[in-house]
Amino acid sequence: MYILKPNKIYASEIAEFLNSKLIGKDFIVTEPSSIKNPKKNTVIYAKDAKMVPTNLKSVLVICPKGKVSAPYIPSNNPRLDFIRIVSEFFVDEGKHIIDERAVIEMGAKLGYNIGIGVNAYIGSEVSINDNTIIGKNVVISGKVDIGKNCVIKDNATIGSEGFGFEYDDDDIPQHFPQIGKIVIGNNVWIGSNSTVERPAMDETIIEDHVKIDDLVQIGHNCIVGKGSLITAGVILCGGVKIGKKCWISPNVTILQKTEVGDGALVGMGAVVIRNVKTLTVVAGNPARLIREIRKGREKDGRSD
Amino acid sequence: MAGLTDGVFKEKLSPFLEEKLRILKRKYGAKDRRYRGLAIQYLHSPLEERETCEANRRHYEAEVHVKFQDEAITGMERLYRRNMVIDLTMICAANCRYCLRGRYPQRTLTDHELVQIAKYCGHEKNQKDLTEVLITGGDPLMIPIKLDFLVDALADYAPNIKMVRIGTRLPFHEPDKIDNRVLKVFEKHPDMKFEIGTQINHPIEFFPECVEAVESLQDMGIRFYAQNVLLKGVNDDLPTLIELYDNLRKLGIEAHYLFHCIPMQGLHHFRTSVDKGIELIQGLTSCGEISGRAKPMFAAMTDIGKITFYEGTILERDKKGNLLLQSHYLYKDRMNWNPSWKVPKNAEIDEYGFIRVKYLDGRE
C-alpha cells in the first residue's frame, strides 16, 4: 500500500493544484506533517485558522481563511484538500504485482494492473477488474465480481459460505446451500479481517465507493449503498440494506433484514432492530432516534 | 506551458535547472553559449517589458465552448479533426519565457470536469472523427495521479480515443519526478498508444539525468517527438541546430517541428525573422552534415493553427512586417470540428475555402 515519497514541490504549485492562492512566501515543500508535530519544509492542515501555531518556520498550512502567521492556502475543506495534496504529491502506491505464492484458480478473470499479495486465494468463479489490489492472505471464493480500483486488505474473506440454517423435524440445523453471487462495485475498500458472505440465492451487493473498515462482517444478501462508510467491528446480519452515504459507527450490530435510510448515522455500539429513516441519527440498545439531520449538515458527528 | 496567477508571468526555475545553471556558470562563465543556451530560456529579461510590435497577450483561440449534459465544459481546445487538446493544469516545474500559454489563466481541472471531458470525447457525434487527445497545460506529468485519473476516464468513457499524447518538459526540468508514479500511468492501458511531445532547444539540455528519465519512459513503449522553438541567442545558428538534432536522433526522439517563435508580447527579443528560419532549415536539410532522418519541419503557430513553411506558403509581405500565409485548413471542416471557433480578425477564407492568415514576422 502507500509509502511516503518525499518530493520537491513549491507551495505555490500546491496552491495552483487546488485552484487556490498561496498567501505568504513561496518555498519548497518536501513532505506532509501534522499540526501536533509540524516539521520544517512540510505541509500541514488545520480545521480553524485560530488553531495554527504562531511560531511555524517553513511550514505550509492548509486552513480556512483567517489570520495566519505562516504561509497558507485558504481552503473550505482543509482535511479533504490535505488528502488530495498527500495523494498527488507525497505518496507512492507501489507497483501492483501478483505474488507467485498466491493461488489463482483456472477460470478466474483478472483485469489489468492487478496486485495480489502472498498466500491470497482467488477462486475459479472470481472476476477482478483493472487496478484492484488484493492484500496478503485474502480468500475470495464462489461467484464474486469485484470492480475497478478496489482495495481488499490483508486477511479479508469474500465469498465464504453464508450462515444459513433451518432446523429439521429432529431439531438438527440443516444448512441452506449458499449458491448466490457477491457483486462489489468500483473503488470499494474492504478492511483487514473483514468478511463478506455469499448469499443462498441472488446477490450480496456492495456498491461503488463503499468503504468498509477492519473486522467487519457483511452478512448474506446485504446491500450496502454507494459511498457508505462502515467502521470497525460492525456486524450486518443477513439481508440488511444500508442506503447511500450512511455512516455506521464502530461496533454497531444491525438485525437481519433491517433497512437504514440514505445519509443516516448510526451511533457507536448501537443495536439496530428497526428500520432507520433517511437522514436521521440513531443510537443505543435498542437503537432510538436521537435527531434528524438537516440538509447540508450531513457531516456533523462523523469522526475523522 | 505555465499560467498566470497574479497577472505576472513570474520567473520560475525547477531546483534541478537552478543547480545546472549554477554549475554551468561556474564552469564556463555567464557569456558562454552553453550557459546562455539554457539561461536565456528561463531567466526573466528586462527586454520582455519593452513595447514592441508584438502586442498580443494571448496567441490563437481554439477553446471549445460546449454545453454537455446541461453543463458548460471548460479545458478543451480543438483545431484539428482528430485531436482534442485537454488543458489538465497550468502548473509547470519551470517557466519558459517564450511560452505560448504563459498568459493563460491558472487552473487545474477537477475530477468532475475531467469525467465530463472524457464523456464528451466519447460522445456519439465525436466517435467517428476524434481518435486522439493531447493532454497538456501546463505540464501534466507534474500531477501524475490526476493525469492517471483522466486517462482512466478516457478509457472508460471514450473508447474511440486510441492515441494519447502528452505535452511535457518535465524530463528536462526535473528528471527526478519521472518516477514510479508517472510510469504507472502508462502501463495500465494496453489498448492505448502513448506519445510524449517535448521540447529541447539547446544541446546542453541533454544532461545524463534527463537522458535517463527519457529512457525510462521509452522503456514503457512511449514514443517521443520534439516540438522545438527557434530562439534568438539559443539555437539560431547552424552548428547548434546540427548538434541538437543529432542528439535528439541518438536518444530516439523524432524531430517533428522546429517552430518559429510566436508573435506575443514580451517575446520580441527571442524572434528571428521567418527568412532566417527558412535559411537555417535549408542549411539543416541540405548541408549533408546530418542525416535526413533527423530533420524537423519548420512551422509557424499562427492564429488558425500550425502552418509548415513550404514553397508558396508566404503569399504576401506588408510594410508592417506581416506575412500572409496560405494554409490548407478548410473553413467548413474547422466549423464542423469546433462550432464555437471564430475566424480571427487577421484571417480570411480564399476562393477555395482554405483559410489564410496574417502572421507578424520577427526581426533580425
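Throughout, a chain's letter reflects where its sequence line sits, starting with A, and its residues are numbered from 1.
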Exercise for review: For B:E49, enumerate each residue passing the side-chain hydrogen bond (donor to acceptor under 3.5 Å, both in side chains) test, keeping only those at least two apart in sequence or located in another chain.
Suggested key: B:H44

**Study point:** Min side-chain heavy-atom separation B:C92-A:E13 under 4.5 Å
**Key:** no

**Study point:** Top contributor to chain B interface from A:D26, A:N113, A:D130, A:D92 [non-hydrogen pairs under 4.5 Å]
**Key:** A:D92

Check your understanding: With a 4.5 Å heavy-atom cut-off, do A:F17 and B:K146 have their side chains touching?
Key -> yes

Review point. Which atoms of A:Y10 come close to chain B, meaning under 4.5 Å heavy atom to heavy atom: side chain ones, backbone ones, both, or neither?
Key: side chain

Review point. Do A:N131 and B:D152 touch side chain to side chain, with heavy atoms closer than 4.5 Å?
Key: yes

Point to revise | Contacting moiety of A:I28, where chain B heavy atoms sit under 4.5 Å | key: side chain

Exercise for review: Go through the steps for A:E93 and B:I145 under the test side chain to side chain contact (heavy atoms under 4.5 Å, CB included), then give the verdict.
Suggested key: CA-CA 10 Å; A:E93 210 193 333; B:I145 307 301; over 6 Å; no

Point to revise | Main-chain N/O of A:E16 paired with B:T108 side-chain donor or acceptor, under 3.5 Å | key: yes

**Study point:** Residue pair A:S12 / B:K10, side-chain heavy-atom distance below 4.5 Å
**Key:** yes

**Study point:** pair A:K95-B:K184: side-chain heavy atoms closer than 4.5 Å
**Key:** no

Exercise for review: Answer yes if the side chains of B:K177 and A:N7 hold a donor-acceptor pair under 3.5 Å, and no otherwise.
Suggested key: yes

